[in-house]
2 protein chains.
Amino acid sequence: MNNGVNLKELAAELKLAPSTVSRALNDSWEISEATKKKVISMAEKLNYQPNPFARSLRENKSKTIAVIIPERINNFFAQVMDGIENIAQEHGYHLLVYNTHEDVDREKKIVNLLLNGRADAVVMSVSSQTSDISHLEKLYARGLPLIFFDRICTDIPTTKFITNDYESSYQGTKHLIQQGCKKVAFLMLSKELSITKERHRGYLDALLEAGLSPEPAFSLNCSMCEEQNIELIREMLWSNNRPDGILASVEKLALATYQAVKRTKLRIPQDLKVISFSNMGIAGLLEPSLTTITQPAITIGQECAKLLIKKLTKPKQNDLIDQVITIPSKITIRSSTLAE
Amino acid sequence: MNNGVNLKELAAELKLAPSTVSRALNDSWEISEATKKKVISMAEKLNYQPNPFARSLRENKSKTIAVIIPERINNFFAQVMDGIENIAQEHGYHLLVYNTHEDVDREKKIVNLLLNGRADAVVMSVSSQTSDISHLEKLYARGLPLIFFDRICTDIPTTKFITNDYESSYQGTKHLIQQGCKKVAFLMLSKELSITKERHRGYLDALLEAGLSPEPAFSLNCSMCEEQNIELIREMLWSNNRPDGILASVEKLALATYQAVKRTKLRIPQDLKVISFSNMGIAGLLEPSLTTITQPAITIGQECAKLLIKKLTKPKQNDLIDQVITIPSKITIRSSTLAE
DNA sequence: TATAAATTCGAAAACGTTTTCGTATTTAAT
DNA sequence: ATTAAATACGAAAACGTTTTCGAATTTATA
């Protein structure tokens, strides 16, 4: 409401020109130490707060980064956000946060909102329903620094941060096989997602290497609806050719699996072993405790922010070159994959 | 980077004055329908995007709401955020999100950052370490619309949204007693917090009503350190005068309790019954499943945003009067409080 | 001592909008 | 036909910064 004192008033109080005061506050070499001190102390006394919009308008930058995630109630994305915020706060950047709720239309609207330069850069993970990427291409063409993480968009030539999806999935599947599984199922959110493609490849390769033939029906394409997923999994578990192991490519599908199992007579891990990509803090408190592939979420967020801020502060030297940077996950073995 | 076409260029293309174009786009009555159509179609053709900072500077508002929470990896706060974002998106508002990590110093820095008018309003839940509220008073004095939720600041005369903390806690404690508990402990994050005060009152009153004398040692003041909390709780459970029931005033302390119990020979619910304020989606998947008091998080978020936006769009008619609005929680009884 | 260079500051433009004020044209009223 | 009012638009100011350009004073150089 009341915006306090502005630069002109501060200058008048000091009997100086606004330009001088501005330079003094920005520690310009053109201003003597004596006046700098006077200006700064008066600014503190009057509690001067520069208007961010005037500054943004003039400098054509907002010190703001937009973050777009598909889900907020999600340990992985929440941790990434914390990582981004860590670095951003350190450098005086603000965070505009948007949740697409896994909805492409919402994603498009949000991306279009960012076309006007409200944020200096965008870091995002695409929704599971995103196949048409014209909105992202438009954003990229606009020249706005753009970084993807986790669920990346391969066709946009910029830097992406992911975990070792293929390798982790391969190792996870291998672990299931080593624990005695013969029929391993793979649970995915959407075939479009970069992570499902890579993780599915790792899953398939591990099967083939073990001489197991991948059953098409065991690659289960789930939806966004929790209850639907549970029923889908339950049906698979009730079929006469049911899997004895499950690799969930995202956390929520592991939880859906646990719920589905509760609707059967099956026991984990005796009848069904479960491993999942998950950043749950309490995987050890589930019954049975869940074997997880944990992504380095905070690090991923930090690296995204670091790179972006480097690009923003030294635009000449740094370009977001078209590359995929991989930070490995960590497998934690718990009861859900215990051999008998 | 490239900001596209601006108002002046758009006006030149149309051979009109910038003022006319501005008015046409803002659907002013001073402009004829004919020119409005011309302007709008040309604006779409050239993909004109108004500069948000120029607009903010001129209008002295940013269509941005700042949200300050103490923790991001927290089901309750994540749900509240989703609720806020729902309403905000509907009305074209953007969300600046800040996480204090339960740290007062961080909270102060963030609040000071908002003093310059970057956001049109603030909705927040204070950190557990906040006792000195001078920074909040300054923010309030600044005239910025300010709303608290959950962890409120009673001394700031504005509108606050909470759940029925006292009543829920009272009922939760009563439930434990009804299930046979004679010695109920209360776990809190910090004595300063509004929610702990209210929830503790409810706890005490339920004990007194049942003729049970509150044991001071059973009101356990925990810290922010997960491991410390677990040990604190474990020690309490190992004492020769251990509680047989626990009411956790926040979710993370219930989880700490579960971890602590795993380090003892005790069983839930046979030796210890547990109930907790919690918005976990998977309370039913814990072993044993956790009896919860679930706050109407999404609704709280939505109501905060609704009220704030009403205040922002019709500033004259709406004031954030000094009142506490209560939206009741819901108790879901599960295995962790089952009587033998 | 005269001149060049360094130091320190001010005036004004610029960023891209919205809005106040003014004005020309058209329509209505007498 | 004359005047009043309504309609439709333009010129310019304003929002609060930063920065370009210029100028005055002081210091260094010859």
Side-chain angles (χ1 to χ4, degrees), chain A residues 1-40 42-43 46-64 92 115-120 142 313, chain B residues 1-40 42-43 46-64 92 115-120 142 313:
Chain A
M1 221 70 188
N2 170 23
N3 261 338
V5 64
N6 63 20
L7 192 66
K8 208 185 296 183
E9 294 162 356
L10 177 58
E13 193 71 28
L14 284 159
K15 293 187 206 297
L16 286 173
S19 50
T20 304
V21 176
S22 171
R23 275 184 280 238
L25 292 174
N26 291 328
D27 201 28
S28 160
W29 55 269
E30 311 186 75
I31 304 298
S32 69
E33 290 304 319
T35 47
K36 271 186 195 173
K37 285 198 174 161
K38 267 192 294 186
V39 169
I40 291 173
M42 180 63 82
L46 300 186
N47 191 29
Y48 167 69
Q49 303 279 356
N51 182 307
F53 306 119
R55 183 175 279 174
S56 290
L57 175 59
R58 174 63 221 233
E59 299 197 314
N60 200 30
K61 60 185 177 192
S62 59
K63 295 222 98 182
T64 298
L115 247 37
N116 60 12
R118 184 179 287 268
D120 294 342
R142 195 74 178 59
T313 48
Chain B
M1 220 72 189
N2 169 24
N3 260 338
V5 63
N6 64 21
L7 192 67
K8 209 186 295 183
E9 293 163 355
L10 177 58
E13 194 71 29
L14 284 158
K15 296 188 204 296
L16 286 173
S19 49
T20 305
V21 177
S22 170
R23 276 183 279 237
L25 292 174
N26 291 327
D27 200 29
S28 161
W29 55 269
E30 309 186 76
I31 304 298
S32 69
E33 290 305 319
T35 48
K36 272 186 194 173
K37 284 197 173 161
K38 268 192 291 187
V39 169
I40 290 173
M42 180 63 81
L46 300 187
N47 192 28
Y48 166 70
Q49 303 278 358
N51 182 306
F53 306 119
R55 183 175 278 175
S56 290
L57 175 59
R58 176 62 222 231
E59 297 197 315
N60 199 30
K61 59 185 177 191
S62 58
K63 295 223 96 180
T64 298
L115 247 38
N116 60 14
R118 184 178 286 268
D120 294 342
R142 194 76 176 60
T313 48

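This is a predicted model, so every value here is computed, not measured. Residue numbers begin at 1 in each chain, while the letters A, B, ... track the order of the sequences.
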Taking every heavy atom of Gly117(B) against every heavy atom of Phe53(A), the minimum-distance pair comes out as O-CE1, 3.4 Å
Would you indicate what Ile31(B) reaches in the nucleic acid, counting non-hydrogen atoms under 4.0 angstrom: base, sugar-phosphate, or nothing?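 Since only primed, P, OP1 and OP2 atoms lie under 4.0 Å of Ile31(B), the category is sugar-phosphate.
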Length of the line joining Tyr48(B):OH and dT18(C):C1', which is rounded to integer Å: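 My rounded result for the distance is 10 Å.
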Length of the CD-C1' vector between Glu9(A) and dC15(D), whole Å: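 Going from Glu9(A) (CD) to dC15(D) (C1'), I get 12 Å.
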Given protein heavy atoms under 4.0 Å, the one-letter contact record of nucleotides 20-27 of chain C, with B base, S sugar-phosphate only and - none, is simply BB------
Kindly compute the distance separating OG1 (Thr20(B)) from NZ (Lys38(B)), expressed to the nearest 0.5 Å.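 NZ of Lys38(B) is found 11.0 Å from OG1 of Thr20(B).
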Hey, could you give me the CG/CZ distance between Leu7(A) and Arg55(A), rounded to the nearest 0.5 Å?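 Rounded to the nearest 0.5 Å, the CG-CZ separation comes out at 9.5 Å.
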Using a cut-off of less than 4.0 Å, is there contact between a side-chain N or O of Thr35(B) and OP1 or OP2 of dA8(D)?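 Thr35(B) to dA8(D) OP1/OP2: no side-chain N or O under 4.0 Å.
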Considering all heavy atoms, the nearest Arg118(A)-Ser62(B) contact: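 For Arg118(A) versus Ser62(B), the nearest heavy atoms are NH1-O, 3.3 Å.
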Protein-nucleotides 24-26 of chain D N/O pairs closer than 3.5 Å?
none

Interatomic distance, Arg118(A) CZ vs dG16(C) C1' [rounded to whole Å]: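 Atom-to-atom, Arg118(A) to dG16(C), this comes out as 14 Å.
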Within less than 4.0 Å of OP1 or OP2 of dG16(D), is there a side-chain N or O belonging to Asn6(A)?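 Checking dG16(D) against Asn6(A), a side-chain N or O does come within under 4.0 Å of OP1 or OP2.
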DNA chain D: 5'-proximal contact among Lys15(B) and Glu59(B) (nearest heavy atom): Lys15(B)
OP1 or OP2 of dT18(D) less than 4.0 angstrom from a side-chain nitrogen or oxygen of Ser22(A), does that happen here?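 Looking at the OP1 and OP2 atoms of dT18(D), one of them is under 4.0 Å from a side-chain N or O of Ser22(A).
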Measure the spacing between CD1 of Ile40(A) and CD of Glu33(A) and express it to the nearest 0.5 Å. 8.5 Å
Find the distance between CZ (Arg23(A)) and OG1 (Thr35(A)) and round it off to the nearest 0.5 Å.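 Answer for the CZ-OG1 pair, Arg23(A) versus Thr35(A), is 10.5 Å.
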Length of the CD-C1' vector between Glu33(A) and dT8(C), whole Å: 12 Å
Locate the shortest heavy-atom distance separating Val5(A) from Tyr48(A); write the atom from each residue and the value. O-CD1, 3.4 Å
Please check if the number of heavy atoms outside Lys36(A) that lie under 6.0 Å from its NZ is greater than 12. yes
Kindly indicate whether the side chain of Asn51(A), heavy atoms from C-beta on, has any atom under 4.5 Å from the side chain of Asn6(A). no
Which nucleotide, dC9(D), dT17(C), dG16(C), lies nearest any side-chain atom of Leu16(B)? dC9(D)
Under 3.5 Å, side chain of Lys63(B) to main-chain N/O of Asp120(B), donor-acceptor pair present?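 Looks like no, no N/O pair under 3.5 Å.
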If you assign Pro50(A) and Val21(B) each to the DNA chain D nucleotide with the nearest heavy atom, which residue ends up on the more 5' nucleotide? Val21(B)
Over how many whole Å does the gap from Asn51(A) atom CG to dG16(C) atom P extend? 16 Å
Using atom CG of Asn26(B) as one end and atom C1' of dT19(C) as the other, report the distance to the nearest whole Å. 11 Å
Side chains of Leu10(A) and Leu25(A): does their closest heavy-atom pair fall under 4.5 Å?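 Answer yes - side chains close enough.
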Using the C1' atoms of the five pairs at each end, what is the angle between the end axes of the helix from dT1(C)-dA30(D) to dT30(C)-dA1(D), to 10°?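 For the helix from dT1(C)-dA30(D) to dT30(C)-dA1(D), the axes at either end differ by 50°.
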Just the rounded figure in Å: distance from P of dG16(C) to CZ of Arg55(A).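 It works out to 18 Å between those atoms.
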Could you tell me how far apart Asn60(B) (CG) and dT19(C) (P) are, to the nearest whole angstrom?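 The distance from CG of Asn60(B) to P of dT19(C) comes to 12 Å, rounded to the nearest Å.
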Could you tell me whether a side-chain N or O of Ser22(B) sits under 3.5 Å from a main-chain N or O of Pro18(B), the two making a donor and an acceptor? no
Out of dG10(D), dG10(C), dT17(C), which nucleotide sits closest to the side chain of Thr20(B)? dG10(D)
